[in-house]
Amino acid sequence: EAQVTQNPRYLITVTGKKLTVTCSQNMNHEYMSWYRQDPGLGLRQIYYSMNVEVTDKGDVPEGYKVSRKEKRNFPLILESPSPNQTSLYFCASSSSGRAGEQFFGPGTRLTVL
Amino acid sequence: GENVEQHPSTLSVQEGDSAVIKCTYSDSASNYFPWYKQELGKRPQLIIDIRSNVGEKKDQRIAVTLNKTAKHFSLHITETQPEDSAVYFCAASLPHTGTASKLTFGTGTRLQVTL
(Lines give C-alpha, C1' and ligand atoms only; values in the text may rest on other atoms or scores of the structure.)
Protein backbone atom coordinates (compact mmCIF):
# COMPACT_ATOMS: atom_id res chain seq x y z
CA GLU A 1 0.00 0.00 0.00
CA ALA A 2 1.36 3.41 -1.03
CA GLN A 3 1.73 5.52 2.06
CA VAL A 4 3.58 8.11 4.10
CA THR A 5 4.26 7.16 7.70
CA GLN A 6 5.30 9.29 10.64
CA ASN A 7 6.53 8.39 14.10
CA PRO A 8 5.70 9.06 16.78
CA ARG A 9 2.06 10.05 16.33
CA TYR A 10 1.93 11.77 19.70
CA LEU A 11 4.75 13.18 21.78
CA ILE A 12 4.90 15.19 24.97
CA THR A 13 8.33 16.48 25.86
CA VAL A 14 10.05 19.22 27.82
CA THR A 15 11.84 22.35 26.72
CA GLY A 16 15.36 21.72 25.48
CA LYS A 17 15.18 17.96 25.07
CA LYS A 18 16.25 17.06 21.54
CA LEU A 19 13.77 15.03 19.53
CA THR A 20 13.36 13.57 16.06
CA VAL A 21 10.14 12.91 14.18
CA THR A 22 10.63 10.34 11.45
CA CYS A 23 8.93 10.33 8.07
CA SER A 24 9.07 7.59 5.48
CA GLN A 25 7.39 7.07 2.10
CA ASN A 26 7.26 3.98 -0.08
CA MET A 27 6.26 5.64 -3.36
CA ASN A 28 9.76 6.49 -4.59
CA HIS A 29 8.87 10.19 -4.47
CA GLU A 30 11.64 12.71 -4.99
CA TYR A 31 9.95 15.58 -3.19
CA MET A 32 9.31 15.58 0.57
CA SER A 33 8.21 18.33 2.88
CA TRP A 34 7.39 19.13 6.49
CA TYR A 35 4.50 21.33 7.56
CA ARG A 36 3.18 22.51 10.87
CA GLN A 37 -0.52 23.15 11.37
CA ASP A 38 -1.71 25.68 13.92
CA PRO A 39 -5.26 26.99 14.48
CA GLY A 40 -5.99 29.97 12.28
CA LEU A 41 -2.66 29.72 10.49
CA GLY A 42 -3.26 26.80 8.20
CA LEU A 43 -0.39 24.66 6.98
CA ARG A 44 2.99 26.33 6.96
CA GLN A 45 5.99 24.76 5.29
CA ILE A 46 9.02 24.20 7.51
CA TYR A 47 11.52 22.55 5.17
CA TYR A 48 11.37 20.70 1.91
CA SER A 49 13.65 18.42 -0.05
CA MET A 50 13.79 18.01 -3.79
CA ASN A 51 15.89 14.85 -3.64
CA VAL A 52 18.59 13.07 -1.66
CA GLU A 53 20.98 15.56 -0.07
CA VAL A 54 18.97 18.52 -1.45
CA THR A 55 16.98 20.48 1.14
CA ASP A 56 15.76 24.04 1.44
CA LYS A 57 13.99 26.24 3.95
CA GLY A 58 10.28 26.76 3.81
CA ASP A 59 8.38 29.60 5.43
CA VAL A 60 9.03 28.78 9.11
CA PRO A 61 12.39 26.94 9.40
CA GLU A 62 13.65 28.50 12.64
CA GLY A 63 14.30 25.93 15.35
CA TYR A 64 14.15 22.94 13.00
CA LYS A 65 16.64 20.82 11.08
CA VAL A 66 16.15 18.17 8.45
CA SER A 67 18.25 15.67 6.56
CA ARG A 68 17.69 13.60 3.43
CA LYS A 69 20.26 10.85 3.32
CA GLU A 70 17.93 8.32 1.74
CA LYS A 71 15.17 8.90 -0.76
CA ARG A 72 12.45 7.36 1.38
CA ASN A 73 13.24 9.11 4.69
CA PHE A 74 13.02 12.73 5.73
CA PRO A 75 13.36 13.18 9.50
CA LEU A 76 12.53 16.42 11.29
CA ILE A 77 14.88 17.33 14.12
CA LEU A 78 14.20 19.75 16.95
CA GLU A 79 17.56 20.32 18.63
CA SER A 80 16.17 22.35 21.53
CA PRO A 81 12.36 22.34 21.49
CA SER A 82 10.48 25.28 22.91
CA PRO A 83 6.78 25.64 23.83
CA ASN A 84 6.08 27.66 20.65
CA GLN A 85 6.87 24.51 18.68
CA THR A 86 3.84 22.81 20.16
CA SER A 87 1.87 21.97 17.03
CA LEU A 88 0.54 19.31 14.68
CA TYR A 89 3.22 18.28 12.21
CA PHE A 90 2.66 16.71 8.82
CA CYS A 91 5.15 15.15 6.48
CA ALA A 92 4.25 15.00 2.79
CA SER A 93 5.72 13.59 -0.39
CA SER A 94 5.13 13.91 -4.10
CA SER A 95 6.77 13.01 -7.38
CA SER A 96 9.06 15.63 -8.85
CA GLY A 97 6.93 16.31 -11.88
CA ARG A 98 3.75 17.06 -9.95
CA ALA A 99 4.88 18.54 -6.67
CA GLY A 100 1.49 20.04 -5.92
CA GLU A 101 -0.14 16.62 -5.50
CA GLN A 102 1.27 15.96 -2.10
CA PHE A 103 0.49 12.84 -0.10
CA PHE A 104 0.39 13.57 3.59
CA GLY A 105 1.37 11.40 6.51
CA PRO A 106 -1.02 10.90 9.45
CA GLY A 107 0.44 13.74 11.50
CA THR A 108 2.42 14.02 14.73
CA ARG A 109 0.94 15.97 17.60
CA LEU A 110 3.81 17.48 19.58
CA THR A 111 3.48 19.18 22.95
CA VAL A 112 6.50 20.95 24.43
CA LEU A 113 6.14 21.79 28.11
CA GLY B 1 7.52 34.78 -1.59
CA GLU B 2 3.99 33.73 -2.30
CA ASN B 3 1.10 34.73 -0.04
CA VAL B 4 -2.30 33.03 -0.19
CA GLU B 5 -5.39 34.47 1.47
CA GLN B 6 -8.52 32.39 1.96
CA HIS B 7 -12.09 33.41 2.80
CA PRO B 8 -14.28 32.79 4.62
CA SER B 9 -12.69 31.16 7.62
CA THR B 10 -15.96 29.44 8.51
CA LEU B 11 -18.95 28.63 6.36
CA SER B 12 -22.24 27.04 7.33
CA VAL B 13 -24.68 25.86 4.68
CA GLN B 14 -27.78 23.72 4.66
CA GLU B 15 -27.64 20.32 3.05
CA GLY B 16 -28.31 20.63 -0.64
CA ASP B 17 -27.12 24.22 -0.89
CA SER B 18 -23.94 25.32 -2.64
CA ALA B 19 -20.74 26.44 -0.95
CA VAL B 20 -18.07 28.72 -2.36
CA ILE B 21 -14.60 29.28 -0.93
CA LYS B 22 -12.36 31.95 -2.37
CA CYS B 23 -8.58 32.39 -2.40
CA THR B 24 -6.25 35.05 -3.70
CA TYR B 25 -2.55 34.74 -4.36
CA SER B 26 0.15 37.34 -4.67
CA ASP B 27 2.71 36.02 -7.12
CA SER B 28 1.63 35.97 -10.74
CA ALA B 29 4.26 33.29 -11.42
CA SER B 30 2.26 30.69 -9.46
CA ASN B 31 1.07 28.05 -11.88
CA TYR B 32 -0.65 25.29 -9.92
CA PHE B 33 -3.57 25.57 -7.51
CA PRO B 34 -4.65 22.49 -5.55
CA TRP B 35 -7.43 22.19 -3.00
CA TYR B 36 -7.16 19.90 0.00
CA LYS B 37 -9.87 18.59 2.29
CA GLN B 38 -9.10 17.74 5.89
CA GLU B 39 -11.70 15.87 7.89
CA LEU B 40 -11.59 16.08 11.66
CA GLY B 41 -8.53 14.31 13.01
CA LYS B 42 -7.39 13.23 9.57
CA ARG B 43 -4.66 14.21 7.16
CA PRO B 44 -5.23 16.68 4.30
CA GLN B 45 -6.15 15.02 1.01
CA LEU B 46 -6.16 16.46 -2.48
CA ILE B 47 -9.67 16.80 -3.89
CA ILE B 48 -9.17 18.85 -7.03
CA ASP B 49 -6.52 20.98 -8.68
CA ILE B 50 -6.17 23.39 -11.57
CA ARG B 51 -3.23 24.62 -13.60
CA SER B 52 -2.68 28.14 -14.83
CA ASN B 53 -3.46 27.28 -18.44
CA VAL B 54 -7.02 26.26 -17.52
CA GLY B 55 -9.86 28.52 -16.36
CA GLU B 56 -12.21 25.96 -14.88
CA LYS B 57 -12.21 22.31 -13.89
CA LYS B 58 -15.07 20.18 -12.64
CA ASP B 59 -15.27 16.81 -10.91
CA GLN B 60 -18.80 15.70 -10.07
CA ARG B 61 -20.09 18.08 -7.39
CA ILE B 62 -16.92 20.09 -7.01
CA ALA B 63 -15.43 22.63 -9.37
CA VAL B 64 -12.58 25.10 -9.28
CA THR B 65 -12.28 28.32 -11.22
CA LEU B 66 -9.17 30.40 -11.81
CA ASN B 67 -8.89 34.06 -12.76
CA LYS B 68 -5.22 34.72 -13.50
CA THR B 69 -5.72 38.39 -14.18
CA ALA B 70 -7.26 39.00 -10.77
CA LYS B 71 -5.05 36.34 -9.14
CA HIS B 72 -7.88 34.53 -7.46
CA PHE B 73 -9.35 31.05 -7.56
CA SER B 74 -12.42 29.51 -6.01
CA LEU B 75 -13.80 26.15 -4.94
CA HIS B 76 -17.46 25.46 -5.64
CA ILE B 77 -19.33 22.58 -4.02
CA THR B 78 -22.86 21.96 -5.23
CA GLU B 79 -25.60 19.89 -3.58
CA THR B 80 -23.67 19.79 -0.33
CA GLN B 81 -23.92 16.73 1.88
CA PRO B 82 -23.04 16.19 5.55
CA GLU B 83 -19.88 14.34 4.53
CA ASP B 84 -18.63 17.55 2.89
CA SER B 85 -18.18 18.98 6.40
CA ALA B 86 -14.43 19.48 6.82
CA VAL B 87 -11.69 22.07 6.65
CA TYR B 88 -10.73 23.02 3.11
CA PHE B 89 -7.34 24.47 2.19
CA CYS B 90 -6.41 26.18 -1.01
CA ALA B 91 -2.78 26.36 -2.09
CA ALA B 92 -0.60 27.93 -4.73
CA SER B 93 2.50 26.41 -6.20
CA LEU B 94 5.32 28.76 -7.08
CA PRO B 95 7.77 27.34 -9.62
CA HIS B 96 11.09 26.77 -7.98
CA THR B 97 14.51 25.98 -9.24
CA GLY B 98 15.05 22.32 -9.85
CA THR B 99 12.37 19.78 -10.48
CA ALA B 100 9.91 20.54 -7.69
CA SER B 101 7.65 23.40 -6.72
CA LYS B 102 7.03 25.17 -3.44
CA LEU B 103 3.50 24.99 -2.08
CA THR B 104 1.94 27.79 -0.02
CA PHE B 105 -1.36 27.12 1.74
CA GLY B 106 -4.23 29.37 2.70
CA THR B 107 -5.40 29.45 6.31
CA GLY B 108 -8.34 27.12 5.74
CA THR B 109 -12.15 27.26 5.67
CA ARG B 110 -14.20 25.21 8.08
CA LEU B 111 -17.31 24.10 6.20
CA GLN B 112 -20.28 22.88 8.21
CA VAL B 113 -23.17 21.29 6.33
CA THR B 114 -26.28 21.24 8.47
CA LEU B 115 -29.30 19.00 8.01
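Every chain is numbered from 1, with letters handed out A, B, ... down the list of sequences.
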In one Ile/Leu/Val/Met/Phe/Trp/Tyr side-chain cluster, 4.5 Å: [X], [Y]:
{"X": "B:Ile62", "Y": "B:Leu11", "answer": "yes"}
{"X": "A:Phe74", "Y": "A:Val4", "answer": "no"}
{"X": "B:Trp35", "Y": "B:Phe89", "answer": "no"}
{"X": "B:Leu111", "Y": "B:Val20", "answer": "no"}
{"X": "A:Leu88", "Y": "B:Tyr36", "answer": "yes"}

task = Any chance you could measure B:Phe105, atom CZ, to A:Gln45, atom CD, to the nearest 0.5 Å?
result =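 Reported to 0.5 Å precision, the distance equals 8.5 Å.
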
Side chain, backbone, both or neither: which part of [X] has a non-hydrogen atom closer than 4.5 Å to chain B?
{"X": "A:Val54", "value": "neither"}
{"X": "A:Phe104", "value": "both"}
{"X": "A:Phe103", "value": "neither"}

inquiry  = Between B:Pro44, B:Ala92, B:Gly41, B:Gly108, who has the most heavy-atom pairs with chain A when the cutoff is under 4.5 Å?
reply    =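 Winner by heavy-atom pair count: B:Pro44.
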
Can you name the nearest heavy-atom pair linking [X] to [Y], along with the distance?
{"X": "A:Glu101", "Y": "B:Tyr32", "answer": "CG-OH, 3.2 Å"}
{"X": "A:Pro106", "Y": "B:Arg43", "answer": "CB-NH2, 3.5 Å"}
{"X": "B:Leu103", "Y": "A:Tyr31", "answer": "N-OH, 4.4 Å"}

query = What pairs of residues pass the side-chain hydrogen bond (donor to acceptor under 3.5 Å, both in side chains) test when at least one of them lies in residues 58-70 of chain A, not counting sequence neighbours?
reply =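 Sorted pair list: A:Arg36-A:Tyr64, A:Ser49-A:Arg68, A:Asp59-B:Lys102, A:Tyr64-A:Tyr89, A:Lys65-A:Glu79, A:Glu70-A:Asn73.
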
inquiry  = More than 12 heavy atoms of other residues, nucleotides or ligands under 6.0 Å from NZ of B:Lys22: yes or no?
reply    =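 Not buried by this count: 12 neighbours or fewer within 6.0 Å.
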
query = Are there more than 12 heavy atoms of other residues, nucleotides or ligands under 6.0 Å from atom CD of A:Gln3?
reply =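 Buried by this count: over 12 neighbours within 6.0 Å.
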
query = Applying salt bridge (charged side-chain N to carboxylate O under 4.0 Å, His left out), which residue pairs with at least one partner in residues 57-82 of chain B are found, sequence neighbours left out?
reply =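 Passing the test, one end in residues 57-82 of chain B: B:Asp49-B:Lys57, B:Arg61-B:Asp84.
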
inquiry  = Suppose we screen for side chain to side chain contact (heavy atoms under 4.5 Å, CB included). Which residues come up paired with B:Glu15, at least two apart in sequence or across chains?
reply    =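 Partners of B:Glu15 by the side chain to side chain contact (heavy atoms under 4.5 Å, CB included) criterion, ordered by chain and then number, come out as B:Pro82, B:Val113, B:Leu115.
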
key: Side chain, backbone, both or neither of B:Gln38 within contact of chain A (heavy atoms, under 4.5 Å)   =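 Just its side chain gets close to chain A.
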
request  = Tabulate, in ascending numerical order, the residues of residues 37-44 of chain A having at least one heavy atom closer than 4.5 Å to a heavy atom of chain B, or enter 'none'.
outcome  =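 Checking residues 37-44 of chain A against chain B gives A:Gln37, A:Gly40, A:Leu41, A:Gly42, A:Leu43.
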
